[in-house]
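Taking it in order: structure first as structure tokens, then the write-up.
Order of the sequence lines fixes the chain letters, A, B, ..., with proteins taken first and strands second; residue numbering starts at 1 for each chain. Scope of the values below: all heavy atoms of this structure, side chains included, with no hydrogens, waters or symmetry mates.
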Protein chains: 2
Amino acid sequence: MKNKEKHLLYRDVQDALELIGGRWRGAIMASLCNDPKRFTELKKDLEPITSRTLTKELRYLEQNRLIIAVRGSQAKNAVCYSHSEHGSSFAPLILQLREWAIKHRTIMLEVLKFDQ
Amino acid sequence: MKNKEKHLLYRDVQDALELIGGRWRGAIMASLCNDPKRFTELKKDLEPITSRTLTKELRYLEQNRLIIAVRGSQAKNAVCYSHSEHGSSFAPLILQLREWAIKHRTIMLEVLKFDQ
DNA sequence: AAAATTAGTATCTTTAAGGATACCAAATTG
DNA sequence: CAATTTGGTATCCTTAAAGATACTAATTTT
């Protein structure tokens, strides 16, 4: 029990970071924060992502219920991607990650100045 | 300007996720949340991480000022790793990542039940 | 009806992360 | 002073993520 809890301490973090880690998954979630987007819009927004990668990551996020893909009933060419309810519960974390990244950048710049 | 901001939207998220992404970096930060730890303690806590990987990731986190390594002045064999000030500003995010991972898990379990 | 757009596939290749295993010098403990 | 512990290195290897490039069927626009 003690041992298991010890593991869970970091295993949950590993799980979360697998879901939205890598180069694109978190970015896709961020891009969908404001509003639903079409495949092509996402691709433009996330430049230089490739079609292949975008497709793969969208499928992954869909399978893990973080996003919803609405495929047009008659028009197969119209697909709209948006956060699922659960996915949008991740939005606050995205904002904090951004803020933290910005803070980190300024700190690293200060350090660089100091080190010279 | 407009274009640049568009990019920053997700670039910050990418940056943050590079800093603490991958299999181990976030986990190491999580393991150091409660208290400073020695190399060997970290290794036990993060089992099954290898020495090689732990060393590499600790160096990375140190270079990026997320952790501090205190190397004993006379005893070279005593090294203590802890969050830097900046690193500990990441602790709240770790907690939220954990909570979110747990929520995600329960949601996926529900979905599995439903899909059968 | 021709041209362009949408939402992808299909291959092939590169790169990076990380594991497996063996080894090690300095310090500490018994 | 011998054994063990600490905090790592050094090599070699596997796997997964992602890029490059070319292609496409269905739809929409002109």
I need the [atom1]-[atom2] distance between [X] and [N], as an integer number of Å.
{"X": "B:Trp24", "N": "C:dA16", "atom1": "CH2", "atom2": "C1'", "answer": "17 Å"}
{"X": "B:Ile49", "N": "C:dG18", "atom1": "CD1", "atom2": "P", "answer": "8 Å"}
{"X": "B:Leu17", "N": "C:dA16", "atom1": "CG", "atom2": "P", "answer": "19 Å"}
{"X": "B:Leu54", "N": "C:dG18", "atom1": "CG", "atom2": "P", "answer": "12 Å"}
{"X": "B:Lys56", "N": "D:dG7", "atom1": "NZ", "atom2": "C1'", "answer": "17 Å"}
{"X": "A:Tyr81", "N": "C:dT6", "atom1": "OH", "atom2": "C1'", "answer": "11 Å"}
{"X": "B:Lys37", "N": "D:dT6", "atom1": "NZ", "atom2": "C1'", "answer": "17 Å"}
{"X": "A:Leu58", "N": "C:dT9", "atom1": "CG", "atom2": "P", "answer": "11 Å"}

Looking only at heavy atoms, which two atoms of B:Asp12 and A:Ala101 are closest? And how far apart?
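So the two residues come closest at O-CB, 3.3 Å.
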In terms of side-chain heavy atoms of [X], which of [options] is nearest?
{"X": "B:Arg23", "options": "C:dG8, D:dG19, C:dG18", "answer": "C:dG18"}
{"X": "A:Arg38", "options": "D:dG8, C:dT6, D:dA18", "answer": "C:dT6"}
{"X": "A:Arg59", "options": "D:dT9, C:dA27, C:dG8", "answer": "C:dG8"}
{"X": "B:Asn77", "options": "D:dG8, C:dT6, D:dT6", "answer": "D:dT6"}
{"X": "A:Thr55", "options": "C:dT6, C:dT9, D:dT5", "answer": "C:dT9"}

Taking only the side-chain nitrogens and oxygens of [X], find out if one of them lies under 4.0 Å from OP1 or OP2 of [N].
{"X": "A:Ser51", "N": "C:dG8", "result": "no"}
{"X": "B:Thr40", "N": "D:dT5", "result": "no"}
{"X": "A:Tyr60", "N": "D:dA16", "result": "no"}

If you define the side chain from C-beta out and look only at heavy atoms, does anything of A:Phe90 sit under 4.5 Å from A:Leu19?
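Counting from C-beta outward, A:Phe90 and A:Leu19 never come under 4.5 Å.
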Assuming nearest nucleotide by heavy-atom distance, tell me which of B:Cys80 and A:Ala78 is located more 5' along DNA chain D.
B:Cys80
Cation over ring face, B:Arg38 and B:Tyr81, 6.0 Å, 45°:
no
B:Leu42 with B:Ile68, same ILVMFWY side-chain cluster at under 4.5 Å:
no
Going hydrophobic residue to hydrophobic residue with side-chain gaps under 4.5 angstrom, can you get from B:Tyr60 over to B:Ile67?
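Yes: a chain of side-chain contacts under 4.5 Å links B:Tyr60 to B:Ile67.
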Base, sugar-phosphate alone, or nothing: which one does A:Glu57 contact when heavy atoms must sit under 4.0 Å apart?
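Touches sugar-phosphate only.
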Which comes earlier along DNA chain C counting from the 5' end, the contact point of A:Arg71 or that of A:Arg52, where each point is its nearest nucleotide?
A:Arg71
